[in-house]
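Chain letters run A, B, ... following the sequence lines, proteins first, then strands; residues in each count from 1. Please read these numbers as outputs of a predicted model, since none were measured by experiment.
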Amino acid sequence: MGLKLFNSLSRKKEDFVPLQGNHVGIYVCGVTVYDYCHVGHGRAAVVFDTIYRYLKHLGYDVLYARNFTDIDDKIIKRAAEEGIPWQEVTRKYIAAFYEDMGRLNVSPPEVEPRATDHIPEMLEMIASLVEQGKAYASDGDVFYSVSSFPAYGRLSGKNPQELVAGARVEVNEKKQSPLDFALWKKSKPGEPAWDSPWGPGRPGWHIECSAMGRKYLGQTFDIHGGGKDLIFPHHENEIAQSAGCSGHAPVKYWMHNGFVNIDKEKMSKSLGNFFTLRDIYKSHHPEVLRLFLISSHYRSPIDFSEKNLEDAEKVLCRFYEGIDAATRALAVQEVKEPLEPGRAEGPFMEKFEAAMNDDFNTAVALAHLNEELRALNTWTQDPASEPAADALNRLTGIKQAGQVLGLFAKSPGEFQSELFELKNQSLALDTQKIETLIEERNAARRTKDWATADRCRDALAQMGVLIEDTARGTEWKIK
RNA sequence: GGCACCGUCGCCAAGUGGUAAGGCAGAGGUCUGCAAAAUCUCCAUCGGCGGUUCGACUCCGCCCGGUGCCUCCA
């Protein structure tokens with residue numbers, strides 16, 4: 001069974017067939033760099049990173065491009081507010097983007113084009129559109145003439161006539177039709193500007209993706225992704241520009257991820273109900289957030305909440321602990337007979353791939369991972385239950401699937417200590433005192449003084465410390 | 001107003017025209033001095049009302065409830 005994905009254009013799941021053999025070109029709309037990224041940006045990045053990873057897992061030769069919009073009204077406004085050059089604003093937030101997304105284990109795409117590095121390519125497209133009579137200059141601005149593109153509205157399911165009638169579009173004397181959108185915007189004095197045949201100005205928002213997608217991935221490429229909110233007008237306009245220019249559909253499969261909600265409402269800047277990634281990292285491990293983000297299907301809305309994050313943390317801890325315990329148990333086995341780690345195979349991997357092949361159903365993939373973890377834990381607890389080689393295969397499978405999902409990237413020890421640091425920030429535990437209490441308890445246990453032992457454990461619990469007596473001695477963690 | 005989408009166990013979340021994955025929480029068992037962790041077992045008939053069908057949670061209609069897009073937005 002091959003990969004199927006939901007194409008926003010047809011509103012159906014379609015078989016994925018790359019345009020050129022084994023090559024896959026994918027372009028995803030990145031962010032406008034004028035502020036810190038919030039969870040919604042994180043979701044889009046994680047969703048498409050997971051798709052990217054899975055395509056590579058399937059053996060495709062993937063060329064992934066994700067842009068930075070580094071010139072736009074919001075950036076200019078921000079620069080004015082802070083009294084710094086606009087380049088300073090974009091520099092700052094691009095650096096923040098890398099930091100925040102890096103912690104989410106979002107891998108860097110092959111190409112990360114910036115709008116301001118592609119002004120000539122945009123001007124070339126705009127000129128071509130003007131030449132073809134599909135765009136017109138008006139007092140230093142250049143607009144795309146929507147009426148020149150009959151298929152306008154197909155992606156978003158909108159009817160141009162009704163859009164005009166609905167007319168919530170702002171009145172602009174310079175436009176021939178309210179639906180026309182800017183390809184080039186005349187700059188006001190003091191604003192950033194580039195020379196153009198129509199005078200100094202800056203590019204409209206939509207043209208950058210058309211120009212950069214074409215440059216790096218070709219006239220027509222396989223997948224174009226982004227958040228659902230980009231369907232209209234951004235992607236609709238992009239299609240109009242690109243197709244208007246070349247005469248060919250620019251994209252074969254359009255993919256859009258759902259929103260992150262807060263109390264059932266879309267998280268957004270304008271509503272002010274957003275959490276930035278770095279705020280969340282103050283109290284939650286980034287990998288916990290990643291797990292939360294992929295625990296629902298990418299097209300569904302997800303409700304962001306403290307409770308959901310806590311649930312995700314429990315699940316992730318269970319995985320790390322299971323991986324840790326199994327790894328130790330296998331190391332012991334290894335002494336008796338050498339085990340060869342290979343590529344995981346068998347029912348688990350097949351189920352995992354079947355889930356991912358079904359429009360990247362990470363929720364089902366995680367269900368299979370949970371089942372596999374349980375089977376692995378069973379072996380860890382009782383190594384006689386199945387051959388060690390089988391357990392190794394399970395462990396390998398879990399790690400490989402985790403790799404595709406961007407999970408379990410750290411060593412269990414690393415993860416546990418990072419989680420500890422995070423939780424300890426508020427508790428500020430006295431490690432010395434904890435060790436002493438544990439020692440005291442174990443001494444009491446040796447003399448079967450259970451009352452004292454329990455008193456020690458209660459004291460630790462009071463501090464927020466949880467005790468576990470294991471074969472390797474007493475271990476503790478923060479509850 | 002126009003166009004979409006959603007409503008599944010206490011909570012989160014998959015799914016299919018033939019009788020509901022997984023996780024959290026909960027109950028009981030194993031293990032443990034007792035716990036914890038792990039593991040085993042148990043735990044839903046799918047918003048409401050009609051219709052199509054041998055059979056619907058899954059298809060159609062209506063209703064109720066919720067959201068999104070139509071404007072910058074991942």
Side-chain angles (χ1 to χ4, degrees), chain A residues 11 28-32 34-35 37-48 69 72-74 77 153 156-159 161-163 165-170 205 225-234 236 256-261 263-271 274 291-292 295-297 299-303 305 307-318 321-322 325 351 355 358 361-382 385 444-445 448-451 453-454 457-458 461 466-470 474-477 479:
Chain A
R11 292 173 186 78
V28 173
C29 288
V31 295
T32 300
Y34 73 104
D35 205 347
C37 290
H38 63 228
V39 186
H41 300 115
R43 183 180 195 191
V46 164
V47 161
F48 288 102
T69 297
D72 132 297
D73 291 353
K74 293 189 290 291
K77 184 166 167 247
S156 54
K158 296 187 188 308
N159 178 326
Q161 261 90 49
E162 286 170 1
L163 279 173
R168 281 172 66 179
V169 194
E170 97 276 28
W205 174 34
K228 269 191 163 71
D229 45 0
L230 297 184
I231 293 174
F232 189 90
H234 187 235
E236 195 70 73
H256 296 93
N257 66 273
F259 298 134
V260 174
N261 292 161
D263 293 330
K264 307 276 183 194
E265 236 182 8
K266 178 184 172 184
M267 177 185 291
S268 75
K269 290 280 197 176
S270 35
L271 285 170
F274 62 91
L291 175 61
F292 162 68
S295 58
S296 307
H297 184 86
R299 281 189 281 117
S300 309
I302 45 174
D303 227 345
S305 73
K307 165 77 165 63
N308 290 344
L309 240 34
E310 281 166 13
D311 281 357
E313 183 180 294
K314 283 178 193 164
V315 174
L316 191 59
C317 285
R318 216 166 76 84
E321 281 166 17
K351 284 189 278 186
D358 185 15
N361 196 330
T362 51
V364 170
L366 284 168
H368 296 315
L369 264 165
N370 270 297
E371 285 170 339
E372 193 66 356
L373 175 68
R374 205 190 313 145
L376 181 64
N377 281 338
T378 298
W379 176 83
T380 304
Q381 200 167 280
D382 175 19
S385 62
R445 287 173 71 213
K448 298 200 193 301
D449 178 2
W450 310 127
D454 289 349
R457 186 169 57 200
D458 290 346
L466 204 68
I467 295 288
E468 282 177 28
D469 294 324
T470 75
T474 300
E475 299 186 342
W476 63 277
K477 62 181 177 186
K479 180 63 202 124

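Phosphate contact (OP1/OP2 of C3(B), side-chain N/O of N159(A), threshold under 4.0 Å): absent. For the OP1/OP2 pair of C11(B) and a distance below 4.0 Å, the side-chain nitrogens and oxygens of S305(A) include no atom meeting the criterion.
A straight line from CG of D449(A) to P of G33(B) spans 16 Å, rounded to a whole angstrom. The interatomic distance linking E371(A) (CD) with A14(B) (C1') rounds to 12 Å, in whole Å. As rounded to whole Å, 11 Å separates atom P of C70(B) from atom CG of L230(A). When the P atom of G23(B) is taken as reference, atom CG of N370(A) falls 5 Å away, rounded to whole Å. Atom NE2 of H297(A) and atom P of G23(B) are 21 Å apart (whole Å).
Within the 4.5 Å cutoff, side-chain heavy atoms of L291(A) are placed close to those of V315(A). Looking at M267(A) and L271(A), their side chains never come closer than 4.5 Å, going by heavy atoms from C-beta outward. Taking the side chain as every heavy atom from C-beta outward, V28(A) and V47(A) never approach each other to under 4.5 Å. Annotation: side chain of D35(A) is in contact with side chain of K269(A) (closest heavy-atom distance under 4.5 Å).
Considering only the side chain of P233(A), C72(B) comes nearest among C72(B), A74(B), G22(B). The side chain of L163(A) sits closest to C70(B) out of A13(B), G33(B), C70(B). Considering only side-chain atoms of K264(A), the nucleotide from G33(B), G66(B), G68(B) that sits closest is G66(B). Of the candidate nucleotides A74(B), C34(B), G22(B), C34(B) has the atom nearest to the side chain of R457(A). Closest approach to the F232(A) side chain among C11(B), C69(B), A74(B) is made by C69(B) (side chain taken as heavy atoms from C-beta onward). Which of A35(B), A13(B), G23(B) sits closest to the side chain of D311(A) comes down to G23(B). When distances run from any side-chain atom of K158(A) to the nucleotides C70(B), G66(B), C11(B), the shortest one goes to C70(B). When distances run from any side-chain atom of R445(A) to the nucleotides G33(B), A25(B), A74(B), the shortest one goes to G33(B).
G26(B) is paired with C42(B) under the criterion used here, namely a Watson-Crick or G-U wobble arrangement in which both key atom distances are under 3.5 Å. As the counterpart of G68(B), C3(B) is assigned, both hydrogen-bonding distances of the Watson-Crick or G-U wobble pattern falling under 3.5 Å.
Along RNA chain B, the nucleotide closest to S295(A) and the one closest to T470(A) are compared, and the more 5′ of them pairs with S295(A). If you find the closest nucleotide of RNA chain B to N261(A) and to L366(A), the one lying nearer the 5' end belongs to L366(A).
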**OP:** For nucleotides 37-48 of chain B, just jot down a letter per nucleotide in 5' to 3' order: B, S or -, based on protein non-hydrogen atoms under 4.0 Å.
**Re:** SBSS--------
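Taking atom P on both nucleotides, G15(B) is separated from C54(B) by 29 Å, rounded to a whole Å.
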